[in-house]
Amino acid sequence: MRTLGQAEGATFIAAEATPGEFDLSLDGATLTITPRQSRPFRRTLRPVAHFEVDTPQGPYPELNLTMGRIVFEGGQTDSRSYRPFSRDPVRSLRALYLGPELPTEDDPAYFNAVCADHAARLPHEDHAWVRVLPSTSEGTSSRAKRLEYLHYHAHGWFHLVEMDLLDAMTRASVLPGKHVIEIGSYQGRSTAVIAAALGDLDAESLVIAVDPNELSEQQADVTAANVASVGQRKRLVQIQRRAGAIASLLADEVAHLTFVDGSHLYEHVLADFQLCDRLLAPGGIMVFHDVYAPAHLGYEPPRSGPARVVNEVVLPTGRYKPLAGAHLALALRKLD
Ligand SMILES: C[S@@+](CC[C@H](N)C(=O)[O-])C[C@H]1O[C@@H](n2cnc3c(N)ncnc32)[C@H](O)[C@@H]1O
């Protein structure tokens, strides 16, 4: 990664993949990008923002991938300008990373650096979880290689940086005698991330994966195969039911991590939160997926249930502190 400069309190960084093909310059907070030569095919660059998000419970770092795209059509050699911004006043830009179109292992490395920067500037016991992240100098550690393997081999709706966040939150939440509850496993992409992180720690936790697999029963077999591919089949407990069915099965405060990624309808996410709130031990971590930020996007996203539940129900309880966000995944610590 190459630092291009600083502007308006933010650092501008380019991925290694870009400098060979483009000349990049910074004027204030506006990037100018010029292709070095004409190419016959379309090229797309992907701006990724590091925002600091202000909340009544304190600021948290977010890696935001909804920053648009910079597209060069085939044959285009004239420059394009790009100025990052957010419509949301609670989001302050700390850094902008200009990456290649498809995610690479640079994405988790950048996310880890973002979290380390956040913790270094705001020393507080709430940021102790950052210590579970590998230092960027570790390069392609076995953890990074495994996340990349799952990214390419386990189908699912879970971005590489979201896998990185879920891995970190699994490690940071482990409590003796407690387990993990996942609502919405689909084909086990996220399930395998959680199970592998627990395996690294040799933790005693089981992963209780809940999904009715209504579209195809085979999804449950694929989930098991993906968890087996990281050597952790023995941890997996699959419940092929809707989330409500586990309410009478599990004791209060049985979990150190709950991951909510089932139905995205408001009423369903609300019920999933209420269930997970009861099942999560104090000090444990709850991760939600598909938490869009309407105020940042400037429109109401189609799957708005998770964001509404987080903003209208979870945060106003004052019992959950946001720790970090990666793309559409948001992790919160249960305070009591
Ligand atoms: C977006 S997918 C989950 C993606 C998965 N976490 C991954 O890593 O790819 C949502 C899943 O939630 C499941 N689902 C829908 N309603 C549910 C409910 N009430 N309880 C549990 N799972 C549910 C669906 O069957 C679907 O497989």
Side-chain angles (χ1 to χ4, degrees), residues 65 103 107-108 146-170 179-198 207-230 232 235-250 255 257-280 285-292 301-310 325-331:
L65 272 61
D107 286 43
R146 188 175 55 228
L147 292 182
E148 203 178 7
Y149 164 82
L150 289 172
H151 173 67
Y152 286 111
H153 291 91
H155 184 260
W157 288 276
F158 215 55
H159 196 280
L160 192 53
V161 292
E162 298 171 328
M163 295 161 88
D164 199 49
L165 176 90
L166 190 61
D167 173 293
M169 294 303 153
T170 304
H179 302 280
V180 176
I181 295 161
E182 176 183 71
I183 296 179
S185 307
Y186 179 55
Q187 297 192 4
R189 183 172 161 108
S190 47
T191 327
V193 170
I194 296 167
L198 294 171
V207 184
I208 301 164
V210 189
D211 195 312
N213 298 122
E214 279 161 358
L215 287 180
S216 159
E217 283 240 0
Q218 277 183 340
Q219 288 174 351
D221 299 334
V222 179
T223 294
N226 280 325
V227 174
S229 79
V230 295
Q232 297 299 324
R235 289 182 189 279
L236 180 63
V237 180
Q238 287 179 283
I239 300 181
Q240 274 186 270
R241 294 279 190 282
R242 292 185 179 202
I246 64 168
S248 58
L249 275 179
L250 298 173
L257 179 82
T258 59
F259 175 46
V260 180
D261 192 16
S263 160
H264 296 87
L265 289 176
Y266 175 82
E267 297 73 25
H268 294 177
V269 186
L270 179 61
D272 291 348
F273 165 66
Q274 288 164 341
L275 174 65
C276 288
D277 187 34
R278 178 173 74 71
L279 298 177
L280 186 63
I285 293 176
M286 193 172 307
V287 178
F288 287 89
H289 194 228
D290 291 301
V291 186
Y292 289 87
R303 280 172 288 168
S304 58
R308 280 190 57 206
V309 170
V310 167
H327 192 33
L328 302 176
L330 177 67

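In what follows, residues are counted from 1 in the order of the sequence shown. Counting starts at 1 for both ligands and their atoms, following the listed order.
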| message | Quick check on contacts: which atoms of ligand 1 are under 4.0 angstrom from a heavy atom of R242? | response | 19 (N), 20 (N)
| message | Taking 4.0 angstrom as the limit and counting only heavy atoms of F158, give me the atoms of ligand 1 inside it, by number and element. | response | 8 (O)
| Starting from atom 4 (C) of ligand 1, which protein heavy atom do you reach first, and at what distance in Å? | D261 OD2, 3.3 Å
| note | atom 25 (O) of ligand 1: closest protein heavy atom, distance to 0.1 Å, is D211 OD1, 2.7 Å
| query | Side chain of R278, backbone of A247: donor and acceptor closer than 3.5 Å? | reply | yes
| Taking atom types as modelled, is there a side-chain donor on R189 or H151 under 3.5 Å from an acceptor on the other? | yes
| query | Can you tell me which residue and heavy atom of the protein come closest to atom 22 (N) of ligand 1, and the distance to 0.1 Å? | reply | P212 CD, 3.3 Å
| Should the proximity of Y186 to ligand 1, defined as any heavy atom under 4.0 Å, be assigned to the side chain, the backbone, both, or neither? | both
| task | Assign the ring pair H155 / W157 to parallel, tilted or perpendicular, where the plane angle (0 to 90°) is split at 30° and 60°. | result | perpendicular
| Looking at Y266, does the NZ or CZ of R308 lie under 6.0 angstrom from its six-membered ring centre and within 45 degrees of the ring axis? | yes
| field | Per-atom contacts, ligand 1 versus S185 - under 4.0 Å to a heavy atom | value | 5 (C)
| query | What do you reckon, does S190 have a nitrogen or oxygen under 3.5 Å from a nitrogen or oxygen of ligand 1? | reply | yes
| field | Polar atom proximity, G184 to ligand 1 (N or O, under 3.5 Å) | value | yes
| field | atom 20 (N) of ligand 1 [closest protein heavy-atom partner, distance rounded to 0.1 Å] | value | A243 N, 2.9 Å
| Taking the inter-plane angle between the rings of H289 and F158 on a 0 to 90° scale, is it parallel (under 30°), tilted (30 to 60°) or perpendicular (over 60°)? | perpendicular
| Per-atom contacts of ligand 1 with G156, taking only distances under 4.0 Å to non-hydrogen atoms | 9 (O)
| atom 15 (C) of ligand 1: nearest protein contact (heavy atom, Å) | S263 N, 3.6 Å
| request: Considering the heavy atoms of V210, write down every atom of ligand 1 situated less than 4.0 Å from one of them. | output: 21 (C), 22 (N)
| query | If we only count N/O pairs under 3.5 Å, is W157 in contact with ligand 1? | reply | yes
| query | Okay, side chain of E162, backbone of L328: is any donor-acceptor separation there less than 3.5 Å? | reply | yes
| side-chain contact (heavy atoms from CB on, under 4.5 Å) against D272, all qualifying residues, sequence neighbours excluded | I183, A243, V260
| request: May I ask you to test the S190-E182 pair for a side-chain heavy-atom distance under 4.5 Å? | output: yes
| said: Tell me if a side-chain donor or acceptor on R303 pairs with a main-chain N or O of D290 at a distance below 3.5 Å. | reply: no
